[in-house]
Amino acid sequence: MAHRLSSPLYRRLSSSFSTATKGKVPLLYKSPEINEDNGNEAVTLQVLSWGRGASGQLGGGIEEIRIYPSPVANLLFPRASFSLSPTPGKTQNQDQKDQTLHSVGISCGLFHSGLVVGGKLWMWGKGDGGRLGFGHENPAFVPTLNPHLDSVSFVALGGLHSVALTSKGEVFTWGYGGFGALGHRVYHRELVPRFVEGNWSRNIRHIATSGTHTAAATESGDLYTWGREEGDGRLGLGPGRGPNEGGGLSIPSKVKELPTPVAAVSCGGFFTMALMEDGQLWNWGDEGKVLSWGHGGHGQLGHSSIQNQKVPATIEALADKRVVYIACGGSSSAAITDEGKLYMWGNAKDQQLGVPGLPEVQASPVEVNFLMEDDGLGTHNVLSVAVGACHAMCLVSRSPC
């Protein structure tokens with residue numbers, strides 16, 4: 001299902017995106033360091049998307065459903081000159097933390113998507129509530145540069161809002177502010193990015209958001225959450241630390257129940273996962289594993305059931321794998337292993353798991369395979385993944401066999 005868009009708005013937005021002849025993937029970013037002398041040593045990163053894209057969130061300029069992961073844009077870098085930005089769910093070693101040149105990261109919101117390349121932020125998809133941060137509420141059907149932020153190291157997109165982290169450890173939020181998801185102690189929308197004044201004593205090094213709640217981890221491993229809380233425990237604050245207005249908590253608050261420092265965090269629609277510095281995955285849970293907790297009605301917790309989980313529990317299907325990256329969407333989840341393999345589970349109604357033929361509820365992890373294209377770029381090694389409400393994206397490196 002695809003509908004070409006020919007409106008003046010689409011033509012204006014698409015002018016900022018490199019076009020290509022039919023059958024070729026647009027080149028969104030080419031490092032200025034690449035020249036005729038070192039062109040053969042360049043490495044290609046690809047942004048791929050799949051699922052339902054009725055609001056432009058797939059980034060191809062059309063409304064469509066993609067059953068398999070399909071390319072959106074190519075990014076070209078000198079070999080060994082790029083690093084992943086600290087995207088939600090991704091751990092980092094010290095070398096990655098110190099490297100800022102050519103950082104790359106992706107994120108999916110409810111019906112919008114984002115890409116960080118070298119400190120710049122590209123956004124596309126639905127614009128209602130100001131979630132794209134352009135100062136208006138118009139949509140963008142192709143990746144479009146946001147002019148209001150610079151030195152961006154991290155982006156995390158929610159339901160109707162967005163969050164960014166700068167290289168200075170500052171958090172900015174924008175979009176719909178209902179339920180306190182922006183953390184500004186108010187509940188109105190913000191059409192452009194606004195600085196979050198939290199009560200943390202150290203710089204923020206990691207952020208995550210989804211639906212209507214947000215999380216931020218400090219350099220010392222403390223975790224703060226804010227936003228919507230309906231008694232399902234998604235904020236992880238425990239009894240007596242709930243909403244301050246209309247079902248939401250607009251003040252960033254510390255999660256005190258985690259026993260070890262947090263290395264990474266990811267937020268689902270009604271649940272949260274944290275990855276500890278010792279490599280354990282909690283969805284408010286066990287050490288040394290990937291854990292999940294919260295609402296499980298679509299199988300998004302990965303426990304082979306659709307039961308809710310009020311405390312973190314280990315995902316047994318991934319227990320024999322070394323998971324280095326996690327991501328949560330509205331009702332779907334994903335994990336990447338140290339071998340560059342991608343696993344997904346949860347709601348499959350809109351093909352957002354990237355595996356055709358699955359039941360609408362896929363309660364245990366399945367591996368996502370990629371179609372090999374005759375483009376000479378070689379096999380897919382998955383570097384990062386982002387999951388929205390009905391679509392997903394991943395960043396892969398391509399190298400010949």
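Computed from a predicted structure; not experimentally measured.
Summarising the local packing, CD of Glu197 is surrounded by 12 or fewer heavy atoms from other residues, nucleotides or ligands at distances under 6.0 Å. Counted within 6.0 Å of NZ on Lys321, heavy atoms from surrounding residues, nucleotides or ligands total more than 12; the atom is thus considered enclosed.
Using a 4.0 Å cut-off between charged side-chain N and carboxylate O, Arg202 and Asp222 make no salt bridge. Classification of Arg322 and Asp338 as a salt-bridged pair fails, no side-chain N sitting under 4.0 Å from a carboxylate O.
Within the 3.5 Å criterion, the main-chain N or O of Leu235 finds a donor-acceptor partner in the side chain of Thr225. Without hydrogens or angle criteria, Ser253 side chain to Ile251 main chain gives a donor-acceptor distance under 3.5 Å. Without hydrogens or angle criteria, Thr214 side chain to Ala181 main chain gives a donor-acceptor distance under 3.5 Å. A donor-acceptor pair under 3.5 Å is absent between the side-chain atoms of Ser55 and the main chain of Gly53, judged by distance alone. The closest donor-acceptor contact from the side chain of Ser332 to the backbone of Asn347 lies under 3.5 Å. Gln352 contributes a side-chain N or O that, together with a main-chain N or O of Asp350, makes up a donor-acceptor pair within less than 3.5 Å. In terms of modelled atom types and a separation under 3.5 Å, the side chain of Thr166 and the main chain of Lys168 share a donor-acceptor contact. Formation of a donor-acceptor pair under 3.5 Å by the Gln46 side chain with backbone atoms of Val25 is not found in this model.
For the residue pair Cys390 and Phe111, the shortest heavy atom distance occurs at SG-CE2, 3.7 Å. Across every non-hydrogen atom of Ala164 and Ile207, the tightest pair is C-CD1, 3.7 Å. Contact between Trp174 and Leu182 at its shortest, heavy atoms only, is O-CD2, 3.6 Å. Between Leu58 and Gly51 the shortest heavy-atom distance is CD1-O, 3.7 Å. Pro147 approaches Phe134 most closely through the heavy-atom pair CD-CD2, 4.0 Å.
Using a 4.5 Å heavy-atom cutoff, the side chains of Ile326 and Ile336 are not in contact. Counting only heavy atoms from C-beta outward, the side chains of Tyr176 and His188 never approach each other to under 4.5 Å. Between Trp122 and Val116, the closest side-chain pair of non-hydrogen atoms is not below 4.5 Å. Residues Met393 and Leu48 fail the side-chain proximity criterion, which asks for heavy atoms closer than 4.5 Å. Contact of the Ser113 side chain with the Met123 side chain is not registered, since no non-hydrogen atoms from C-beta on lie closer than 4.5 Å. Taking 4.5 Å as the limit, every side-chain heavy atom of His391 sits out of range of all side-chain heavy atoms of Trp50. Side-chain contact between Leu149 and Lys120: absent, with no pair of heavy atoms (C-beta onward) separated by less than 4.5 Å. A heavy-atom distance below 4.5 Å is not found between the side chains of Leu121 and Leu145.
From Gln351, atom CD reaches atom CD1 of Ile67 across 5.5 Å, with rounding to the nearest 0.5 Å. Expressed to the nearest 0.5 Å, how far CD of Glu360 lies from OG of Ser331 amounts to 10.5 Å. Put simply, CG on Leu45 and CZ on Phe82 are 4.5 Å apart, with the number rounded to the nearest 0.5 Å. A distance of 4.5 Å separates OG of Ser397 from CG of Leu383, quoted to the nearest 0.5 Å. Between atom OG of residue Ser220 and atom CH2 of residue Trp200 there is a gap of 12.0 Å, rounded to the nearest 0.5 Å. Atom-to-atom distance recorded for Ser49:OG and Glu64:CD is 6.5 Å, nearest 0.5 angstrom.
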Test log, rule side-chain contact (heavy atoms from CB on, under 4.5 Å), inputs His213 and Trp226: CA-CA 6 Å; His213 75 292; Trp226 62 93; over 6 Å; no
Ile106 and Ser384: CA distance, side-chain angles, deciding distance, side-chain contact (heavy atoms from CB on, under 4.5 Å) verdict: CA-CA 7 Å; Ile106 56 173; Ser384 64; 3.6 Å; yes
side-chain contact (heavy atoms from CB on, under 4.5 Å) assessment of Val163 paired with Val171: CA-CA 7 Å; Val163 187; Val171 179; 3.7 Å; yes
Step-by-step side-chain contact (heavy atoms from CB on, under 4.5 Å) determination, Ile315 to Tyr343: CA-CA 12 Å; Ile315 300 176; Tyr343 292 83; over 6 Å; no
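A side chain to side chain donor-acceptor pair (under 3.5 Å) with Thr173 holds for exactly one of Glu190, His184, Arg194; it is His184. Between Trp124 and the options Leu132, Leu115, Val142, a side-chain contact (heavy atoms from CB on, under 4.5 Å) holds for only Leu115.
Ser85 and Ser103 are not linked by any side-chain donor-acceptor pair at a separation below 3.5 angstrom, with hydrogens and angles left out of the test. Between the side chains of His206 and Thr218, no donor-acceptor pair is found at a separation under 3.5 Å.
Using a 30° and 60° split on the angle between ring planes, Phe370 and His380 fall in the parallel class, below 30°.
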